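Okay, structure first, notes after.
Keep in mind it's a predicted model, so treat the numbers as computed, not measured.
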Amino acid sequence: QAQLVESGGGLVQTGGSLRLSCGASGRSSNTYAVGWFRQPPGKERAFVAGINRSGTETDYAASVKGRFTISRDNGKNTVYLQMNGVKPEDTAVYYCAVDSRRRFGVPSRDEFAYDAWGQGTQVTVSE
């Protein structure tokens, strides 16, 4: 099972950009579809974006479509989430996770389909 580590979070002003990274150790994450989720303060964790194993298919929550881009570099065993035009409502802890049962297509939007999670990285967007 892959071990995942997120990085790249921090404090950013409204309208700014951040790039989150999800690095894998152990079994290669290249065999897995990967999703990004986020959990705002006091709210449930929710799907943000997903990418298939080859990086050719992506899926986005409506709230981030057109602003965020998910991508992957299988040579570096890393999945990225480029966040542009951030808003205060994007403030959350961001998690990456693998959907190891998904062989084809984008991963599930249901967090219970995922079987390995990173520890999360905090993103705070100031007014």
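Once rounded to the nearest 0.5 Å, the distance linking CG of L81 with OG1 of T69 reads 8.0 Å. Note that CZ of F68 is 14.0 Å distant from OG1 of T58, once rounded to the nearest 0.5 Å. Atom-to-atom distance recorded for T78:OG1 and L4:CG is 10.5 Å, nearest 0.5 angstrom. In this structure, E89 CD and R38 CZ are separated by 8.0 Å, a value rounded to the nearest 0.5 Å.
Using a 4.5 Å cut-off between side-chain heavy atoms of Ile, Leu, Val, Met, Phe, Trp and Tyr, with links allowed through other members, W36 and V12 fall into the same hydrophobic cluster. Clustering ILVMFWY residues whenever any of their side-chain heavy atoms sit less than 4.5 angstrom apart, transitively, puts V106 in a cluster other than the one holding Y32. Each of Y80 and I70 belongs to its own hydrophobic cluster when Ile, Leu, Val, Met, Phe, Trp and Tyr are linked at side-chain heavy-atom distances under 4.5 angstrom.
A donor-acceptor pair under 3.5 Å links the side-chain atoms of R53 to the main chain of R103, judged by distance alone. With hydrogens and angles disregarded, a donor-acceptor distance shorter than 3.5 Å links the side chain of T91 to the backbone of V125. A donor-acceptor pair is defined here as one N or O able to donate and one able to accept, closer than 3.5 Å; no such pair exists between the side chain of T56 and the backbone of S54. With hydrogens and angles ignored, the 3.5 Å screen pairs no side-chain donor or acceptor of N74 with any backbone N or O of N77.
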Query - Residue pair R67, K87: steps toward the side chain to side chain contact (heavy atoms under 4.5 Å, CB included) verdict - result: CA-CA 10 Å; R67 299 188 298 122; K87 305 174 181 180; 3.8 Å; yes

Query raised in the report: Should S71 and Q82 be marked as a side chain to side chain contact (heavy atoms under 4.5 Å, CB included) after you check the CA-CA gap, both sets of side-chain angles, and the distance that decides it?
Result: CA-CA 8 Å; S71 62; Q82 178 67 43; over 6 Å; no

Report task. Assess whether side chain to side chain contact (heavy atoms under 4.5 Å, CB included) is satisfied between S25 and V5, documenting all intermediate values. Result -> CA-CA 8 Å; S25 60; V5 178; 5.7 Å; no

**Report entry** From CA spacing to verdict: side chain to side chain contact (heavy atoms under 4.5 Å, CB included), E6, L20
**Finding:** CA-CA 7 Å; E6 302 93 339; L20 306 184; over 6 Å; no

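The two atoms that bring R72 and A33 nearest to each other are NH1-CA, 4.3 Å, heavy atoms only. Counting all heavy atoms, side chain and backbone alike, P107 lies closest to V34 at CG-O, 3.4 Å. A pairwise comparison of heavy atoms in G9 and V123 identifies CA-CG2, 4.1 Å as the closest pair.
Under the rule for a side chain to side chain contact (heavy atoms under 4.5 Å, CB included), the partners of K65 that lie at least two apart in sequence or sit in another chain are Y60.
Atom CD of Q122 has more than 12 neighbouring heavy atoms from other residues, nucleotides or ligands inside a 6.0 Å radius.
Hydrophobic cluster membership for Y95: F37, F47, V93, Y114, W117 (Ile, Leu, Val, Met, Phe, Trp, Tyr linked by side-chain heavy atoms under 4.5 Å, directly or transitively).
Within the structure, disulfide (SG to SG under 2.5 Å) pairs that include any residue of residues 88-127 comprise C22-C96 (at least two apart or interchain).
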